[in-house]
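Side chains included, hydrogens not; waters and symmetry mates left out as well; all remaining heavy atoms used.
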Amino acid sequence: MCGQMHGVMFWKNGEGWIRNAKDQVVVGSAISGLYTWQDGRCSPEFLDSLPYPTSHLSLNSGYGCATIFWHLRNKPEYLNSFDRCGTIMDFIVCMMLDLEEPVTSDQNAAGFGIF
């Protein structure tokens with residue numbers, strides 16, 4: 001699976017997608033939009049206040065972990081609607097394989113930030 005790695009989306013288990021009578025996957029109602037690497041809500045000051053990554057990789061606005069921290073500090077009630085998160089690729093793999101828990105690769109985990 002390949003796709004956009006520096007981003008995050010949220011969904012609720014059991015409501016992020018459904019399989020219809022023809023066994024086709026249909027996106028459900030309990031998903032967020034995709035927050036991409038272009039999302040600029042995290043200021044440099046905000047990023048400096050976050051835990052420092054233990055690897056050689058930096059954390060930037062639009063990365064999954066930065067976006068999650070931003071929501072936790074600024075709109076925590078928004079996250080109450082969801083119980084899963086991942087890259088867009090993680091979401092698609094979960095839909096294709098009907099997984100309850102998202103899985104990701106080391107590369108996508110690194111792209112999430114704070115790896």
Side-chain angles (χ1 to χ4, degrees):
M1 174 64 67
C2 66
Q4 180 63 53
M5 67 187 291
H6 295 296
V8 64
M9 63 176 295
F10 306 98
W11 66 94
K12 188 167 189 105
N13 187 41
E15 299 177 35
W17 65 88
I18 59 168
R19 290 194 178 271
N20 66 19
K22 295 180 181 179
D23 200 32
Q24 297 167 323
V25 177
V26 179
V27 174
S29 60
I31 65 168
S32 72
L34 172 63
Y35 298 89
T36 72
W37 60 272
Q38 294 176 315
D39 184 75
R41 74 187 65 227
C42 300
S43 68
E45 295 79 21
F46 177 81
L47 293 171
D48 286 343
S49 75
L50 299 179
Y52 192 76
T54 57
S55 73
H56 65 284
L57 303 171
S58 62
L59 183 62
N60 296 291
S61 188
Y63 284 21
C65 286
T67 304
I68 293 167
F69 277 121
W70 188 92
H71 277 94
L72 285 170
R73 289 196 188 163
N74 295 284
K75 293 187 176 183
E77 66 284 350
Y78 174 75
L79 295 177
N80 292 334
S81 301
F82 310 107
D83 58 9
R84 305 288 189 270
C85 72
T87 66
I88 185 71
M89 297 162 296
D90 300 334
F91 179 70
I92 291 170
V93 167
C94 283
M95 283 195 312
M96 289 172 52
L97 301 177
D98 208 21
L99 300 177
E100 290 187 15
E101 299 286 335
V103 294
T104 197
S105 67
D106 292 346
Q107 293 80 9
N108 283 332
F112 228 62
I114 308 184
F115 183 69

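To the nearest 0.5 Å, the span separating NZ on Lys75 from CZ on Arg41 amounts to 7.0 Å. Distance check: Leu59 CG to Asp48 CG gives 10.0 Å after rounding to the nearest 0.5 Å. If you take CE on Met9 and CD on Gln4, they are separated by 13.0 Å, rounding to the nearest 0.5 Å. With rounding to the nearest 0.5 angstrom, the OG1 atom of Thr67 is 11.0 Å from the CG atom of Leu72. Between the CD1 atom in Ile68 and the CG atom in Leu79 there is a gap of 7.5 Å [rounded to 0.5 Å]. Between the OG atom of Ser29 and the CH2 atom of Trp11 there is a distance of 15.0 Å, given to the nearest 0.5 Å.
Surrounding CD of Glu100 are at most 12 heavy atoms belonging to other residues, nucleotides or ligands under 6.0 Å away.
For the residue pair Phe91 and Gly16, the shortest heavy atom distance occurs at CZ-O, 3.7 Å. Between Ser32 and Phe82, the closest heavy-atom pair is N-CE2, 3.7 Å. The shortest heavy-atom contact between Met96 and Arg19 is O-NH2, 3.1 Å. In terms of heavy-atom proximity, Val26 sits nearest to Asn20 at CG2-ND2, 3.9 Å. Of all the heavy atoms in Cys42 and Ser61, the pair that sits closest is N-OG, 3.1 Å. Scanning all heavy atoms of the two residues, the minimum distance from Phe10 to Cys85 falls at CD2-CB, 3.6 Å.
Within the structure, side-chain hydrogen bond (donor to acceptor under 3.5 Å, both in side chains) pairs that include any residue of residues 78-94 comprise Tyr35-Tyr78, Arg84-Glu101, Thr87-Asp90, Asp90-Thr104 (at least two apart or interchain).
Hydrophobic clustering places Val25 together with Ile92 (ILVMFWY residues linked when any side-chain heavy atoms are closer than 4.5 Å, directly or through intermediates). Both Phe46 and Val8 are part of a single hydrophobic cluster, where members link through side-chain heavy atoms under 4.5 Å apart. Linking Ile, Leu, Val, Met, Phe, Trp and Tyr whenever their side-chain heavy atoms come within less than 4.5 Å leaves Tyr52 and Leu50 in two separate clusters.
The main-chain N or O of Tyr63 is never found under 3.5 Å from a side-chain atom of His6 such that the two would form a donor-acceptor pair.
Residues Ile31 and Trp17 are not in side-chain contact: their nearest non-hydrogen atoms beyond the backbone lie 4.5 Å or more apart.
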